[in-house]
Amino acid sequence: MLEFLRRPRTRAQARAAIILLAVLLAVLPFLVEAGLSRSWVRVLDFALLYVILALGLNIVVGYAGLLDLGFVAFYALGAYLYAWLASPHFGLHLPFWAILPLGATLAGVFGVLLGAPTLRLRGDYLAIVTLGFGEIIRIFMNNLNAPVNITNGPQGINLIDPVTIAGISFGKTQQLFGITFSSAHFYYYLFLAFTLVTVFIAYRLQDSRIGRAWAAIREDEVAAAAMGINTRNIKLLAFAMGAVFGGVAGGLFAAFQGFISPESFTLWESILILCMIVLGGMGHIPGVILGAVLLTVLPEALRYLGDWQRAAVGEVVVDPGDLRMLLFGVALVLMMIYRPEGLIPSRQRKREFHAEDGVAAQEQASLYDSRA
Amino acid sequence: MRHARRIGFILTLGLAMGLTGCGQKTENTDGAQIVRIGSVAPLTGPQAHIGKDNDNGARLAVEEINAQGLTLGGKKVRLELLSEDDQADPKTATIVAQKLVDAGVAAVIGHLNSGTTIPASKYYHDAGIPQISPSATAIAYTAQGYKNAYRVMANDEQQGRVLGLYAVQKLMARKIAIIDDRTAYGQGLADEFERAARAAGAEIVTREYTNDRATDFTAILTAIKGKNPDLVFFGGMDPQAGPMAQQMKRLGLAARFLGGDGMQNANFLKLAGEGAEGAIASSPGLPLDAMPGGPAFKQKFAAKYGQIQLYAPYAYDAVMVLVDAMRRADSPEPAKVLAELPKTDYQGVTGQIRFDAKGDILGGAVTLYQAKGGVWQVLETIQ
Amino acid sequence: MEIFVQQLINGLVLGSIYALVALGYTMVYGILELINFAHGEVTMMGAMVALTVIGLLLGLNPELPGLLVVLAGVLIAVPACMLLAFAIEKVAYRPLRRAPRLAPLITAIGVSIVLQNAAMLIWGRQYISFPQILPQMSFTVLGAHVTSLQIFIVLLCMTMMAGLWWLVQKTRLGRAMRATAQSKEVAMLMGVDIDRVISATFVIGAALAAIAGVLVSAYYGLAHYYMGFMLGLKAFSAAVLGGIGNIAGAMLGGLLLGIIEALGAGYIGDFTGGFLGSHYQDVFAFFVLILVLVFRPSGLLGERVASRA
């Protein structure tokens with residue numbers, strides 16, 4: 001969709017497309033609520049949240065080629081910082097615009113802390129260390145209720161303040177300009193704004209000197225260093241930038257949910273975000289967005305398997321709960337076999353995957369291959 | 001352009017998927033009004049066996065009520081149970097909660113874990129529909145000030161206190177070691193137990209921890225053995241308690257093994273094997289066999305779904321309490337049912353069910369059992 | 001002192017099991033540079049199949065000698081898992097052999113989810129208990145308790161690892177494996193049928209996994225469709241700790257990880273004056289892992305890969 005926007009035939013077409021997209025995004029929650037139900041607006045909210053997360057991880061994995069399996073740690077840090085500063089837990093109730101930058105900074109600092117010792121590691125060694133880091137953060141969150149109660153342990157932190165803008169609390173259903181906005185609608189627009197900013201930053205980063213330096217490191221670290229790129233700083237910057245998006249998303253999640261506990265920040269979450277990137281098309285922003293939306297919506301849509309069976313056969317033959325995750329797994333495998341470059345790959349990657357000339361075949365062997 | 005078309009296709013597919021899902025609204029079949037009740041528990045993942053058990057308990061109750069026939073406000077009513085899977089994940093729990101609210105359920109039975117029950121309760125509260133959890137025991141659930149949140153099981157505080165006093169006063173434990181599984185349930189129960197046991201004068205020699213995926217406890221048990229306790233308390237579930245009891249025996253740790261309702265089930269006995277012998281565990285309510293409808297429930301459940309895992313009787317009672325309130329209100333309308341729920345006085349298979357102002361079960365007996373010769377035998381019921 | 005000896009024994013047994021599973025990871029990685037995430041699930045399948053056979057046999061005749069029954073379970077589970085691994089490799093990994101490495105990683109995660117949920121559909125959600133039919137003898141060594149099963153587990157793991165080493169170093173197939181690991185193209189030019197070699201690697205790894213699965217469920221007395229995930233993760237960490245792709249490394253890593261976990265859980269509280277307790281057992285294990293990798297980026301026994309980026 002965005003691909004199409006970026007290469008319009010004429011200016012007028014481009015403008016029309018952008019306006020169309022803007023209108024669609026603006027009315028989407030109401031369309032979804034009318035056509036489906038309000039729970040789908042919530043699914044939409046989570047889809048946007050995962051778009052932010054996936055774009056953040058995409059910086060580390062897609063741009064800089066560093067396989068990170070502990071991304072959820074930054075998400076957790078952002079969420080916990082929000083909970084600490086805006087809930088009865090410590091009795092603090094700061095406004096969200098004050099907390100989110102703090103959360104982003106905290107996550108960014110931890111991104112550098114994680115990045116620093118792992119600079120020498122490559123590929124799967126990096127994967128296991130980042131995985132360990134993610135688990136360490138989660139275990140600390142789960143246990144820091146004694147001797148001093150910092151995180152309230154496995155019980156989690158409840159009654160987190162919702163976002164309030166101009167006196168409007170996003171936690172309640174309200175009438176504005178004669179239109180009924182539920183909590184899910186408010187957060188949709190908030191998340192949409194953050195998503196658009198994230199997409200913008202992601203594009204600017206990709207096309208910047210830094211973005212090209214990341215690509216250079218990804219393709220060949222030694223050559224990149226030879227070209228005068230400070231590989232250490234550039235790698236740390238990738239970790240930090242990715243972490244910042246994770247931290248922001250975490251803060252939004254905490255405000256949206258009103259309750260957080262360590263159960264929300266498991267290894268599975270990191271794996272899921274990675275799947276989104278790879279499925280959609282690694283390193284390519286429209287692909288990553290599609291991957292995040294699909295993997296959020298698909299498992300929810302599969303919930304309706306039971307209803308379909310009832311409609312078609314008159315009874316539930318196979319319990320949908322039993323099949324949901326099975327189908328999810330099958331979808332992952334089939335997807336990778338038949339379209340390993342992702343749903344919307346960048347033109348470069350696509351060429352490499354369907355190599356017809358020798359040069360492309362060579363590139364194919366090296367791309368994203370940390371051992372080469 | 002090919003991309004645009006493809007995305008269009010995917011979007012249409014997604015919409016079509018959703019629309020079929022929403023196709024059915026409250027239509028009447030054979031003249032009866034359909035009243036939907038939500039049932040939420042993890043149906044996939046490591047706790048799926050307990051989740052399915054809850055769901056089956058609720059389903060049995062619904063089927064029985066439908067077979068008997070229910071008339072509210074002069075109209076025939078048929079209950080329909082909508083089962084949802086929250087994967088024991090707080091985020092999924094809120095999506096499921098919103099989905100049930102959208103589906104227009106009259107009430108929700110669930111969720112299973114405290115970690116999912118608490119975030120979901122906000123949505124049921126906002127929608128003004130009753131929520132009765134069969135098994136969430138964290139104190140925070142009913143402490144939020146929601147007038148629609150109930151549970152039919154003693155909370156961590158109630159049970160932990162009984163266990164702590166029992167360990168010190170009846171079992172004469174002086175040096176106690178405590179293990180918990182770092183879940184909201186296990187940690188909550190162990191904390192309350194520790195508080196009560198300390199207050200009663202026992203010494204807590206060590207506190208050790210494991211997690212709800214672990215199977216190897218030899219390291220912490222060995223550390224405990226070095227402290228020579230005369231009682232080991234475990235806050236957690238049967239999949240850990242079973243192997244733990246076995247490993248205690250293997251390591252020659254001779255202390256008594258005590259736990260909560262999470263291990264007072266047949267699965268523990270099977271998993272612990274010979275290690276189960278002598279273990280003591282509590283369960284809220286009266287023993288099932290001592291209840292008027294208990295043995296019958298056991299039989300009915302076994303005929304349909306096999307052995308009871310854990311909380312099925314509670315899920316069953318939760319539905320019964322709800323329908324009881326509907327009958328008194330003579331309506332399935334949530335607002336009217338909520339007005340009746342505080343007045344509940346129901347004789348369920350798990351015991352006498354009455355609620356306090358917060359929605360916690362009132363008084364509530366706790367029964368202690370001991371594993372002897374491969375079965376749980378009732379020690380005593382503490383009121 | 002006896003507490004310390006006991007903790008060492010605890011760690012040794014746990015570590016042997018990790019090592020056995022880690023071998024499967026390390027063999028596949030050594031040849032394909034693929035993290036076979038589904039390996040933990042193959043272990044689970046081994047335990048489940050064996051338990052089904054054991055249940056059937058005991059149902060037919062409860063008087064059968066326990067050792068024989070368990071052996072029959074293993075004899076069915078091993079080929080079943082080998083077949084499964086063969087199929088997984090053929091269906092899910094072979095088409096992706098030329099794809100960039102993240103693609104097969106995602107497939108591996110997908111296969112892992114499929115196997116878990118398939119097992120849930122077949123065997124149900126319940127924890128299945130392992131019948132206590134194996135003869136159990138208990139010994140006391142330096143004041144610590146050891147059972148016959150524990151000794152058996154450690155000895156069996158050692159034997160299997162020695163056997164595997166022999167296979168890789170001394171046989172024709174082993175030579176083909178090592179050649180494929182170094183360079184698929186050159187191996188192919190030398191007449192090695194690399195498809196067969198890769199299949200063989202998966203199948204051998206699966207056989208070890210099946211045996212490990214049965215051992216784990218016999219030792220802990222239970223099996224569950226979810227049991228493979230954590231076991232796989234720990235075993236993978238062990239393989240990385242020792243230097244992934246290296247058989248001796250997997251063994252060393254497994255044993256070390258087991259002992260680190262046991263000593264960590266046992267003593268971390270005393271070390272830190274009660275500030276950190278046994279709930280930080282995994283933190284401790286991961287911390288050691290990270291520390292080792294920071295100073296030896298390719299694991300304890302891993303070859304030093306030149307900076308080729």
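Convention: sequence-line order gives letters A, B, ...; per-chain numbering from 1. Hydrogens, waters and symmetry mates are skipped; everything else that's a heavy atom, side chains included, is used.
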Rounded to the nearest 0.5 Å, what separates atom CG in B/D102 from atom CZ in A/R42? 10.5 Å
What part of B/V96 lies closer than 4.5 angstrom to a heavy atom of chain A: side chain, backbone, both or neither? side chain
From the list A/N145, A/I139, A/T266, A/V293, the residue making the most non-hydrogen contacts under 4.5 Å with chain B is A/N145
B/Y123 to A/F256 - nearest heavy-atom pair and separation: OH-O, 4.0 Å
Nearest 0.5 Å, please: how far is CG in A/L159 from CD in B/Q144? 5.5 Å
Heavy-atom pair with the smallest gap, counting every atom of A/P154 and B/A184: CB-N, 3.5 Å
If you take all heavy atoms of A/E269 and B/K91, which pair is closest and at what distance? OE2-CE, 3.6 Å
Heavy-atom pairs under 4.5 Å with chain B are the metric here; pick the option from A/N143, A/I260, A/N158 that has the most. A/N143
Worked verdict on A/E300 versus B/K99 for side chain to side chain contact (heavy atoms under 4.5 Å, CB included): CA-CA 10 Å; A/E300 294 310 314; B/K99 185 182 174 220; 5.8 Å; no
Relative to chain A, which segment of B/A88 carries a heavy atom at a distance below 4.5 Å: side chain, backbone, both, or neither? backbone
Mind checking the CD-CD spacing from B/Q87 to A/E263? Nearest 0.5 Å is all I need. 12.5 Å
For A/F259 and B/G115, which heavy atoms make the closest approach, and how far apart are they? CE2-O, 3.4 Å
Roughly how far, to the nearest 0.5 Å, is the CD1 atom of B/I118 from the OG atom of A/S261? 8.5 Å
Engaged part of A/N142 at the chain B interface, taking heavy atoms whose separation is under 4.5 Å: both
A/S39 side, atom OG; B/E84 side, atom CD - distance, nearest 0.5 Å: 9.0 Å
Interface moiety of B/Y209 toward chain A, non-hydrogen atoms closer than 4.5 Å: neither
Are A/F46 and B/T94 side-chain neighbours, meaning at least one heavy-atom pair lies under 4.5 Å? yes
